[in-house]
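Reviewing the structure listed below.
Start at 1 with the first residue, then count along the sequence. Here the structure is a predicted model, which means the values were calculated and not measured. Just the heavy atoms: all of them, side chains too, but no hydrogens, waters or symmetry mates, feed the values below.
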Amino acid sequence: MLFLQLFYTFFKIGLFGFGGGYAMLSMIQGEVVTRYGWLTPQEFTDIVAISQMTPGPIGINSATYVGYTTIAEQYGTSMGVLGSCIATFAVVLPSFVLMLTISKFFLKYQKHPSVEAVFSGLRPAVVGLLASAALVLMNAENFSSPDEDMYSFIISIIIFLVAFIGTRKYKANPILMIIACGIAGLILY
């Protein structure tokens with residue numbers, strides 16, 4: 001039953017998670033953390049960080065990890081591999097089928113004024129979804145709270161601002177920025 005629930009959950013995330021991995025984050029958190037309790041909010045944040053450091057899309061990396069840990073806790077590590085395969089397949093399947101279908105029509109009608117108008121409307125929506133995903137990660141688990149631990153809160157804000165400004169203004173390599181922030185977190189915390 002857990003395998004079917006895992007497949008259904010990630011199939012739904014793959015089907016309705018428009019805008020890519022970042023846009024899926026709030027949906028993944030709602031299902032995996034809030035609805036089913038397969039992960040804690042801290043574990044979810046850790047998955048997002050690990051997904052950033054490993055190759056591949058966030059949605060697929062998250063599905064693989066959640067599938068493995070959820071099943072491995074119940075049935076053991078060998079079944080966890082099957083759980084990760086099921087969740088990964090489920091999150092990819094809708095995109096695969098939809099892209100095969102849509103690409104056939106898109107190639108035929110891509111220069112049509114109606115299609116161009118639809119894409120003009122979708123671009124701001126995708127930016128909004130990305131902003132929403134960023135706001136989901138700005139919580140007390142990631143930034144602490146000024147009431148609880150002022151030192152951790154200030155350090156978290158400084159690390160965030162350095163990473164944001166470094167990658168935006170100075171065009172620092174994101175991989176080097178992730179490594180530098182990880183080292184800063186290790187030293188400061």
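With rounding to the nearest 0.5 angstrom, the CD1 atom of I13 is 11.0 Å from the CD atom of Q29. Between the CG atom in L161 and the OG atom in S156 there is a gap of 11.0 Å [rounded to 0.5 Å]. Rounded to the nearest 0.5 angstrom, L188 CG and I154 CD1 are separated by 12.5 Å. From I28, atom CD1 reaches atom OG of S51 across 8.0 Å, with rounding to the nearest 0.5 Å. In this structure, OH in Y8 is found 12.0 Å from CG in L4, a value given to the nearest 0.5 Å. Put simply, OG1 on T70 and CG on L2 are 6.5 Å apart, with the number rounded to the nearest 0.5 Å.
Formation of a donor-acceptor pair under 3.5 Å by the S103 side chain with backbone atoms of L100 is found in this model. Counting only distance, with no hydrogens or angles, the side chain of T88 and the backbone of C85 share no donor-acceptor pair below 3.5 Å. At least one donor-acceptor pair under 3.5 Å links the side chain of T101 to the backbone N or O of V97. T34 contributes no side-chain N or O that, together with a main-chain N or O of E31, makes up a donor-acceptor pair within less than 3.5 Å.
Taking the six-membered ring where the residue is Trp, Y36 and W38 present parallel rings, their angle staying beneath 30° rather than reaching 60°. Aromatic ring pairs are classed by plane angle as parallel below 30°, tilted from 30° to 60° and perpendicular above 60°; the pair F106 and F119 is perpendicular.
Residues G121 and P124 approach most closely at O-CD, 3.4 Å, considering heavy atoms. Taking every heavy atom of both residues into account, C181 and I159 meet most closely at SG-CG2, 3.8 Å. Taking all atoms of both residues into account, the shortest heavy-atom contact from G83 to I71 is CA-CG1, 3.6 Å.
Within the 4.5 Å cutoff, the side chain of M79 has no heavy atoms near those of the Q74 side chain. Side-chain contact between V91 and T64: absent, with no pair of heavy atoms (C-beta onward) separated by less than 4.5 Å.
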CA sep, side-chain torsions, deciding dist, call: N61, I47, side chain to side chain contact (heavy atoms under 4.5 Å, CB included): CA-CA 8 Å; N61 290 348; I47 286 177; over 6 Å; no
Test log, rule side chain to side chain contact (heavy atoms under 4.5 Å, CB included), inputs L39 and Y65: CA-CA 10 Å; L39 298 176; Y65 180 82; 4.2 Å; yes
Pair V92-F10, side chain to side chain contact (heavy atoms under 4.5 Å, CB included): steps then yes or no: CA-CA 9 Å; V92 172; F10 279 100; over 6 Å; no
Side chain to side chain contact (heavy atoms under 4.5 Å, CB included) assessment of L25 paired with F44: CA-CA 9 Å; L25 285 179; F44 177 75; 4.0 Å; yes
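Hydrophobic cluster membership differs between F16 and L129, with clusters built from Ile, Leu, Val, Met, Phe, Trp and Tyr side chains linked at under 4.5 angstrom. Under the 4.5 Å side-chain contact rule for hydrophobic residues, I178 and I187 do not share a cluster. M177 and I155 are not part of a single hydrophobic cluster, where members link through side-chain heavy atoms under 4.5 Å apart. No chain of hydrophobic side-chain contacts below 4.5 Å, direct or via other Ile, Leu, Val, Met, Phe, Trp or Tyr residues, connects I165 to I157. Residues V48 and M27 are members of one and the same hydrophobic cluster, defined by side-chain heavy-atom contacts under 4.5 angstrom among Ile, Leu, Val, Met, Phe, Trp and Tyr.
With a 6.0 Å radius and a threshold of 12 heavy atoms from other residues, nucleotides or ligands, F3 has its CZ atom above the threshold. Around CG of L107, the count of heavy atoms belonging to other residues, nucleotides or ligands within 6.0 Å exceeds 12.
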